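Given the structure is predicted, the values throughout are model-derived calculations rather than measurements. Values reported hereafter were calculated over all heavy atoms of this structure, with side chains retained and with hydrogens, waters and symmetry mates removed. Throughout, protein chains are lettered first and strands after them, A, B, ... in sequence-line order, and every chain is numbered starting at 1.
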Protein chains: 2
Amino acid sequence: MSKQPKYRQVADALRREIVNGAFDRDRRLPSESELSARFDASRNTVRSGLALLVSEGLITSSQGLGYEVRSHEVFELNASRFENLNFPHNGDAYNTDVTNAGRRPHQTFRVEMLPAPEEVAERLKIEKGSKAVLRFCHRYVDDVPWSTQATYYPAWLIEESPRLAEPGDIEEGTTRYLAARGIEQIGYFDEIATRMPTPEEARLLEMSAGVPVLLWTRTGYSADRPIRCTITTFRGDLNRMNYEIGDLAGRSENT
Amino acid sequence: MSKQPKYRQVADALRREIVNGAFDRDRRLPSESELSARFDASRNTVRSGLALLVSEGLITSSQGLGYEVRSHEVFELNASRFENLNFPHNGDAYNTDVTNAGRRPHQTFRVEMLPAPEEVAERLKIEKGSKAVLRFCHRYVDDVPWSTQATYYPAWLIEESPRLAEPGDIEEGTTRYLAARGIEQIGYFDEIATRMPTPEEARLLEMSAGVPVLLWTRTGYSADRPIRCTITTFRGDLNRMNYEIGDLAGRSENT
DNA sequence: TAGTGGTCTAGACCACCTC
DNA sequence: AGGTGGTCTAGACCACTAC
């Protein structure tokens, strides 16, 4: 153990107190000047320590208020049931799930035609830079931004299914609309990654420092080619995904 | 658009240059004192801007060397094939995958008996605080720490399958060993989450600031109850997971 | 030895929130 | 008005890397 710099000692001491529940009363931490006195360090040094805890996602700060221990509430999304192939949902699993949890869902929606981003073009097997329809959804729970969802459809699909390019909801759900026009999604390829948010993402999802995003890219296939690519960006502190694989009878048993 | 603080202007300007590839030659950024002169800001202000980019995962810094644009190389793990129920792998999919990618895998391994952590006990449906066997694996690729994997087995399972609690590899793979003793895993429940690493995780995985971890929790079930819980902690900058669902004939087509 | 980033200080002033 | 965090400065000294 080599000697730690003072700002790390501050961070380590406070972290230990936080996980031990020392601030569970009102979640408020002492002010910077109090900590400065307690640790015999300058205000800037204390700030460095606090910044470390912020970047670890342990605490938040707000001007004029102080530092607070972050509280978590996680929403779970079942990705293997979300668009079950045998029981396609009615286009609104999100609203149903959120309402069932006793929360108030809310979303904004827009449709546009634009050149497909490179990683989308690859997955849809279309020329880089060729046009695609983007249906974009910004989701909230109780007015807290929760996730964004961007679904891209290749241009060739629009000729056969023009309503995809029209603004406004598709009542029966896009999956059913496509199925009714003979285009059936029979398989999905899901990719899951994480990273820190871009400034744009941080703005849209109102994410504070120390919170990563969870990226879920789902490419849907018909029998012979990809027909859509959906990129969902979750706030990492509020969301978790799960998959059910095989026979889970043993999960609901009362053993 | 309100006026941004100076350190954000510094970060925004540098971020724009980075994504535009301005430093693609040698990936080195100008020194703090150069930037201080260029932006007419104190060294500390420039440092605040750079710290922002570090926490976004865009750049790294090393004492005596300077700041560098971070480069990424991602390893993809197929979670739906990883332990395919019909074709159980030989206990070493990780080594195979890494070697196939032309890289050199390496791992350390240990076994111990301890009280199950709360979130593990819940998933294994055992009493909080009751004993479990932990088989822990620390994985490297070309000597870079890549992930850790902790698998917990409930104590009742050990009585029937004592080799689980013995140190050292199980040649044929734990899944096959269990199957040979009449305990067949017929289903999995996967949970995926992300957050910033704890100091302990950052140490084990040698993660620098601005990189989140990807957490994969797999609970395996027999016909009537959970038999194991595996928690894999990935470096978020090096790993991505994927799942194949349904019929993906359209993925390999040459359309 | 020279140049890089890392730590720390003391103090100034601003912006925001609560009372 | 008074307390909180947010921004910024100027300067000192330390630790690491390169040559």
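Toward the 5′ end of DNA chain C lies the nearest nucleotide of A:Ala41, the other residue of the pair A:Gln63 and A:Ala41 mapping further downstream. Comparing A:Glu32 and B:Gly64, the nucleotide of DNA chain D nearest to each residue sits closer to the 5' end for A:Glu32. In terms of position along DNA chain C, the nucleotide closest to A:Arg8 lies nearer the 5' end than the nucleotide closest to the other residue of the pair A:Asn44 and A:Arg8.
The separation between B:Leu65 atom CG and D:dA15 atom P is 17 Å, rounded to whole Å. Counting to the nearest Å, the P atom of C:dT9 and the CG atom of A:Leu35 are 14 Å from each other. Rounded to an integer number of Å, the gap from B:Glu68 CD to C:dG5 P is 12 Å. Rounding to whole angstrom units, CG of residue A:Leu29 and P of D:dT4 are separated by 13 Å. Atom pair A:Gln4:CD and D:dA15:P shows a separation of 14 Å (rounding to whole Å applied). Atom CZ in B:Arg47 sits about 15 Å away from atom C1' in D:dA10, given to the nearest Å. One can place NZ of B:Lys3 at 17 Å from P of D:dG6, the figure rounded to the nearest angstrom. Look at NZ on A:Lys6: it is 16 Å from P on D:dC13, rounded to the nearest Å.
Applying the 3.5 Å distance criterion, the base of D:dG6 shares a donor-acceptor pair with the side chain of A:Arg43.
Looking at heavy-atom distances under 4.0 Å, A:Ser62 makes contact with sugar-phosphate atoms alone, never a base.
Side-chain contact between A:Ile18 and A:Phe23 is present, with at least one heavy-atom pair separated by less than 4.5 Å.
At least one side-chain nitrogen or oxygen of A:Tyr67 sits closer than 4.0 Å to the OP1 or OP2 atom of D:dG6. Taking side-chain N and O atoms only, A:Ser48 has no distance below 4.0 Å to OP1 or OP2 of C:dT7. For B:Ser42, no side-chain nitrogen or oxygen approaches OP1 or OP2 of D:dC8 to under 4.0 Å.
The side chain of A:Ser61 lies closest to D:dG6, out of D:dT4, D:dC8, D:dG6.
A cation-pi arrangement, defined by a distance under 6.0 Å to the six-membered ring centre and an angle within 45 degrees of its axis, is present between A:Arg110 and A:Phe136.
Under the side chain to side chain contact (heavy atoms under 4.5 Å, CB included) test applied with B:Ser147, the options B:His138, B:Arg139, B:Gln107 reduce to a single match, B:Arg139.
In this structure a side-chain-to-backbone donor-acceptor pair under 3.5 Å is missing from A:Ser61 to A:Gly66. Judged purely by atom type and a 3.5 angstrom limit, B:Arg240 has no side-chain atom pairing as donor or acceptor with the backbone of A:Ile192.
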